[in-house]
Every structure is written in structure tokens, then in C-alpha cells.
Novice: 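Supplied in C-alpha cells, the structure appears directly below.
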Amino acid sequence: MKKLLKGARVIDPSQNTDTTGDVLIVDGHIAAVKDEIEISDAKVIDLSGMIVTPGLIDMHAHFRDPGYEYKEDIESGSMSAAAGGFTAVACMPNTNPPIDNAALVQYVKSKASKAGKIKLLPIGCVSKGQEGKEIAEMGDMAQAGAVAFSDDGKPIADSALMRKAMVYASMFDKVIIDHCEDPFLFEGGQINEGYISTLLGLAGIPAAAEEIMVARNILIAREMGTRVHIAHVSTEGSLRLIRQAKSEGVKVSCEVTPHHLTLTEKAVMGYDTNAKVNPPLRTQSDIDALLEGLKDGTIDAIATDHAPHHIDEKDLEFDKAAFGMVGLETALGVILTHVVKEGVLSLNAAIEKMTLGPAKVLGLDMGTLKIGAPADITVIDPNRVWTVDKNKFFSKGRNTPFDGWRLTGKAVLTMVDGRIVYSDDAMHNYS
Amino acid sequence: MLSEKHLLGLEHIKKSDIELILDTADSFKEILDRDVKKVPTLRGKSIVNLFYEPSTRTRTSFELAGKYLSADTINFTSSASSVQKGETLKDTAKTLEMMGIDAVVIRHSSSGAANYLCNHVKASVINAGDGTHEHPTQALLDMLTVRERKGTLSGLKVAIFGDILHSRVARSNIFGFTKMGSDVYVAGPSTLMPVDIEKTGAKLAATVEEAVENADVVIALRIQLERQKKGLFPTVREYCKFFGLNKDKLDLAKKDAILLHPGPVNRGIELTSEIIDGCQSVINEQVKSGVAVRMAVLYHLIGGSR
């Protein structure tokens with residue numbers, strides 16, 4: 001089976017290319033990328049005016065499966081990802097039971113392949129039962145396909161455990177992803193600590209709650225020569241620490257979410273629980289620092305932290321509502337509209353942060369349109385103006401602060417191994 | 001008529017609405033001195049007091065305010081209700097709504113609970129204290145008490161001291177008094193001072209003495225003794241030493257200064273008994289103002305046709 005993608009702007013940060021031309025897919029792999037490909041036996045997809053990129057990779061999402069299927073399951077999460085232009089998604093292990101052994105890693109992988117949409121990259125727990133006490137069977141999980149380890153959702157408070165985990169995971173060339181949060185400084189926190197928390201009478205989460213753990217992780221990584229990845233960086237101070245550490249050769253990487261790049265703490269005014277997220281939305285100067293970090297390469301990846309919840313967990317008094325927001329179906333549009341369009345980050349750099357960037361952090365040979373690579377491809381219509389409608393999400397989650405936003409730019413066709421796994425209305429002829 | 005359907009707080013209320021409530025409360029005070037304390041103003045209206053936190057004076061005050069205006073008032077306390085069976089605030093609200101309630105008075109431990117409730121009911125919502133956010137009727141009754149004694153709220157120095165961080169009374173009073181032209185000074189342990197408090201318009205005093213000096217009005221806050229267990233201050237003894245008010249410290253205020261406290265008072269902790277029972281204390285007048293202010297609020301929110 002051959003497919004010929006015709007006349008698109010082809011952007012591949014892995015090869016540093018940005019050309020207009022054709023992409024030929026044969027047997028699920030990239031066979032050729034050239035100015036003009038003439039071939040008679042291929043299904044031709046006319047993509048003039050469109051952008052073709054390597055399939056987007058989200059290195060931080062929650063599919064809630066097993067255990068919380070009422071929030072999301074691997075099928076709905078996969079569909080949500082495909083609709084957002086993602087071809088591979090790394091899923092956090094804070095499920096019920098937590099994914100802390102090889103059998104559970106295999107469960108999520110097999111359920112994802114049955115769903116047949118995207119490539120699910122399982123993340124295993126750092127600690128048994130995600131209890132923060134003893135390290136889990138990371139070697140066994142790595143062999144079963146875990147791409148990284150994290151106790152995301154339950155930050156690792158014990159620095160000795162963190163050190164053991166980093167060192168142990170390094171044997172298998174896997175990275176520890178840490179949600180950086182000092183539990184004592186965080187305690188009871190609801191939103192960023194600042195004037196808004198004072199006005200609303202909500203317990204504040206100080207920036208230092210995150211930064212202390214960023215600093216700790218950097219210090220351990222430096223001392224042991226191991227890698228560490230900082231999940232969803234939210235403060236200027238964290239970024240400064242990471243930038244400094246990187247310049248000194250410490251093997252630290254980090255990611256940022258679309259919501260931390262575009263929303264401030266003001267989004268919670270009126271007690272909007274859809275803007276309740278952890279780490280919390282911060283201030284404009286944090287946003288400016290995060291954008292600078294994307295520009296100068298301090299930030300390696302853009303990740304969604306897609307965190308679906310049931311309406312009953314959000315439609316509550318603010319301090320009783322769950323933390324988190326969905327993001328797979330809005331990430332690309334939000335980035336293209338509010339980060340790329342405003343000239344802060346080039347389109348190519350943004351694509352890089354959503355493809356090659358996360359692939360490198362996870363040590364995966366993905367996020368490329370090189371000849372011979374699996375044909376994981378995202379087709380973006382850069383001019384499509386659309387309105388976010390949470391009721392049309394493929395995700396089971398409706399918890400988004402972006403509902404009603406007018407965005408420009410959208411994934412219109414998503415291919416995994418050369419198969420079309422999502423096509424938007426305008427592309428239905430091809431599916 | 002007030003310009004809003006609900007009374008959620010004083011942060012966003014118009015100055016003219018505050019004046020209207022205070023003026024009306026003034027006129028209602030006369031009813032409280034009558035032998036027969038009943039006017040037919042809210043006959044046929046129903047009010048539910050939805051109290052998720054223990055409260056004696058605020059609940060009683062609202063209940064009497066409603067009754068004096070001839071409204072039907074119902075008390076709903078979380079310990080003896082479907083809340084014990086796990087019902088959510090939203091579902092409780094919907095249930096009450098279907099029973100044809102005109103106003104819901106809510107006291108709740110979550111900041112923003114009143115804001116949340118007004119998204120789910122058609123009735124007027126009155127915030128009777130939500131978490132550490134606002135307690136607007138307390139501030140209104142404080143302002144009424146002060147205005148009665150001082151003739152005005154404009155140009156007064158108002159000192160508020162104690163646990164500002166966790167105080168909904170402090171927030172509402174800061175918003176209310178500054179809106180009415182008073183100079184508000186706050187003082188308290190630095191561990192109990194919210195960040196950027198000065199952006200609210202209040203001025204931060206380094207000590208209680210500095211706040212109280214030359215003040216026209218001194219408002220003490222209740223210190224929750226649980227805060228000590230969380231290490232927010234070392235001992236009650238030390239708290240009293242630095243942040244308790246006694247006669248000597250109160251004497252730093254103007255000679256005719258008045259002393260308020262939202263109650264219930266921890267005698268000998270935030271205030272000494274001597275000044276609680278002293279001639280500058282208006283703590284008992286506050287209680288009377290409370291009923292009058294709540295009558296005024298109920299009258300303006302559900303009295304007319306909206």
C-alpha cells in the first residue's frame with residue numbers, strides 16, 4: 001500500500017529541513033521526500049497549503065486506565081490524542097493499581113494496540129505502589145516497554161529514594177521524570193501564592209515548593225552523573241536553575257505545558273475549577289521566562305499533562321475540586337495561535353518541541369521523517385480558524401479552560417505507521 | 001434596589017450599594033427597639049440558612065432578621081442533614097431551589113462556596129462566611145456600628161489586627177472600609193499575613209502598636225488556637241505578648257476610639273477582659289447592628305420585585 005502526500009510544506013526538525021514537496025509512504029514507512037514524486041500506483045492525498053510534520057509526541061499524559069476509566073480510558077485517550085495530531089503519547093502510571101510492574105506495562109501496551117490509534121509509551125512507577133518508599137522493578141518494566149519512570153501525581157519527597165531511582169534507572173538508560181513539589185510547602189495549596197490567592201482566600205502554593213525540588217534533582221543528577229527530567233516547569237526560578245545546570249553540563253531536561261505558557265493565575269478568578277491545575281498557573285513574568293526558555297533551548301519539550309476528570313470532580317467547591325485539565329485536543333492550536341503566531345517561537349522550533357524534543361528526552365528513535373522511519377505523520381492546516389468546543393472532545397474529560405477560544409491552526413490528518421487514524425471534516429475523502 | 005442579585009462579598013460591590021444597605025439598616029434598627037418586632041415586608045418570602053460550619057451568632061442573627069421581616073426562615077445545618085449522607089452542595093442547592101426558596105444564606109468552609117452556589121440556584125445567595133474569603137454582612141455590621149458612633153466612615157483610621165491570612169472578616173472589612181474612604185491598617189504575625197496584602201488598599205503596620213496608634217477604630221480578630229499547632233506562631237503566650245491588645249496598647253489609639261471584635265472572643269488572648277468589658281468596647285452594639293444589617297440585605301435582595 002502506497003500513499004503519496006502531495007504539495008505540502010514539509011517540516012522535519014530532525015533533519016533541519018523545511019521544504020515544499022511530496023512524501024511517499026510505502027508499507028507504513030517513509031519511502032521518499034522530494035520536490036515532486038511521480039508514481040502511478042499510490043493513493044494521492046493533496047495537501048497543498050498544509051504542513052506535514054513528524055507525528056507529534058506528547059511525553060506527559062494521563063489516560064487513567066486501569067482504574068479510573070470513568071475519567072478516560074486508553075481508547076478515548078488514544079482517539080483524543082489522534083485528533084490533536086499526536087501519534088505517540090507517554091502515559092503516566094498513577095492509575096489504579098499504579099503501573100509498577102511489567103504485567104501492567106504490558107496491559108496498557110496491549111490495550112493501546114487493540115485500540116489501534118496511537119503509539120502508547122508507558123511510563124512506569126518509580127516506587128512500588130507509587131508509595132514513595134521502595135524502588136519498583138524498573139528493569140523488568142523497561143524490558144516490557146516502559147520508556148521512563150515517574151511517580152507523577154505523588155511527588156517524590158524522599159531525596160534518598162530519588163537518588164536510588166536515578167542511579168538504578170540509569171542502568172537501563174531510562175530517565176526519571178519528577179513532578180517537583182515539596183509536600184510541606186505545598187500542603188493544602190490550591191493556586192499560585194500571590195495577590196490572587198490573597199483576594200480569593202485560597203491557600204497559596206509558593207514557587208519555592210517547585211524550585212526546591214528542581215534544585216534537589218539537579219544536585220543529585222550532578223553528583224551521580226545521572227539524568228533527570230523535570231515535568232511541567234512553571235516558574236521563572238525553576239527555569240533559571242535548569243538553565244544554569246545545563247550550562248554546567250548537568251544532564252537535566254524539562255518540559256512545559258501549553259497552559260503554563262498562556263494562562264496566568266488570573267484564570268482562576270471567579271473560582272473557575274477548570275483553571276485549577278498542579279503546578280498552578282503562575283504569573284506573567286513566569287510566562288515570559290518560560291517563553292524565553294523555549295527560545296533559548298532550556299526547555300526541551302512541550303507536553304500536555306492531559307489530565308481528564310469527571311465533571312463531578314470539577315463541578316465542586318474550589319478546594320474540593322480535582323487538579324488538572326485536558327490538553328491533547330487543544331495543545332497544537334494553543335501553541336500555534338499564542339506561542340508561534342506572536343513571533344515568540346518559530347514554527348519549526350515549536351514543531352521540534354513537540355516531536356524531536358520529547359523523543360530525545362525519552363531516548364526514542366521517533367519524531368522524524370527520515371527515509372525508512374515509520375510513517376508517523378501529522379498534517380496541520382496552519383490557517384484553519386476554529387473554536388474550541390469541549391463538548392466535541394474525543395476525550396471523556398471536559399475540564400478545559402480553553403473552551404470557546406478561537407484558535408488558528410489545527411491537525412487535520414494524523415497517520416500512524418502510514419495508517420490514517422484521524423481525519424478532520426475537510427480530509428474525510430481520504431480516510 | 002441593590003445593583004446585584006447576590007451578596008457574595010464586598011470586593012466588587014458598589015459604594016452606593018453599601019450606603020444603601022447601611023441607611024436602610026439604620027431605619028430598621030428602630031424596629032428592634034419595638035415591643036412587637038415584626039413588620040410584614042417579606043411576608044410570603046422564604047429564606048434558608050444553609051450552614052455548613054457551626055455558628056451561633058451569624059445564624060441566629062440571619063434567622064431573626066428574616067423573622068422580624070415576616071419571612072419564613074428555615075435552618076439547615078450540615079450535621080443534621082443529607083450532607084451527612086454525602087450529598088454535594090450542588091445537589092442540596094437544587095433540592096432547596098425546587099422548594100421555592102427566595103434566598104439562600106450560606107456559611108461554608110470552602111472559599112468561593114457562595115460564588116459556586118449562585119451558579120446553581122436562581123435564588124439570591126447571601127454569603128455568611130466562605131472559608132477564608134469573605135464575610136460581607138460582618139463587615140457591613142462593623143461599618144454600621146462605626147458609622148453610628150463616628151458619624152462617618154470617611155477619613156477614619158481603622159486598625160485590624162490578628163490572623164489576617166485566614167480571616168474572611170479582615171478581607172471584607174478591608175474592602176468595605178477602604179471603599180468608604182477609611183484608612184485601613186493591618187497588623188499581625190508575619191506568618192499569618194497574606195502576600196501582597198497592600199495591593200488591597202490596606203496599609204501594613206509592623207506592629208499592633210503602630211496600627212493602633214491614633215486609630216479611630218480598632219478591630220480585633222479571633223485567633224484560631226489550632227493555628228498554633230500548625231506552627232504559625234510559637235505559643236499562645238508569645239502571641240498575646242506581641243499581638244494581644246490590652247489597655248496600654250489601646251491607649252495608643254485616639255481617646256474616643258472604639259473597639260470591635262466579630263466574636264466569639266478568646267478572653268485574655270487577643271483582647272484582655274478589661275478592654276472587652278471597657279467603655280470603648282462596642283462588641284455588644286455590633287450584635288444589634290448585625291440583625292439590622294441582615295434585615296437590610298434581605299430586604300434589598302428579595303424585598304422588591306426584581
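Note: hydrogens, waters and symmetry copies are ignored here, and every other heavy atom, side chains too, is used.
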Novice: Under a 3.5 Å cutoff, is there a donor and acceptor pairing between the side chains of A:Thr198 and B:Asp196?
Specialist: no
Novice: Decide yes or no for B:Lys90 and A:Leu316: does some side-chain heavy atom of the first lie under 4.5 Å from some side-chain heavy atom of the second?
Specialist: no
Novice: Might you work through the side-chain contact (heavy atoms from CB on, under 4.5 Å) test for B:His120 and A:Asp315, ending with a clear yes or no?
Specialist: CA-CA 10 Å; B:His120 289 288; A:Asp315 189 7; 3.0 Å; yes
Novice: As an exercise, state the distance from CZ of B:Phe175 to CG of A:Leu199, rounded to the nearest 0.5 Å.
Specialist: 5.0 Å
Novice: So, A:Tyr195 side chain and B:Val195 main chain: donor-acceptor pair closer than 3.5 Å or not?
Specialist: no
Novice: Mind listing the closest non-hydrogen atom pair of A:Gly201 and B:Ser111 along with its distance?
Specialist: O-OG, 2.6 Å
Novice: For B:His166, is it the side chain, the backbone, both or neither that has a heavy atom under 4.5 Å from a heavy atom of chain A?
Specialist: neither
Novice: Calculate, to the nearest 0.5 Å, the distance between atoms OH and CG belonging to A:Tyr271 and B:Leu8 respectively.
Specialist: 9.5 Å
Novice: Between atom NZ of A:Lys320 and atom OH of B:Tyr116, what is the distance when rounded to the nearest 0.5 Å?
Specialist: 10.0 Å
Novice: CZ of B:Arg59: more than 12 outside heavy atoms within 6.0 angstrom?
Specialist: yes
Novice: To the nearest 0.5 Å, what is the distance between CG on A:Asp319 and OG on B:Ser109?
Specialist: 6.5 Å
Novice: Under a 4.5 Å cutoff for heavy-atom pairs, which residue among A:Gly204, A:Gly194, A:Gly270 has the most contacts with chain B?
Specialist: A:Gly194
Novice: If you round to the nearest 0.5 Å, how far is CG of A:Leu200 from NE2 of B:His133?
Specialist: 6.0 Å
Novice: May I ask you to check whether over 12 heavy atoms, not counting those of B:Glu198, lie within 6.0 Å of atom CD?
Specialist: yes
Novice: Can you tell me how far CG of A:Leu202 sits from OG1 of B:Thr132, rounded to the nearest 0.5 angstrom?
Specialist: 6.5 Å
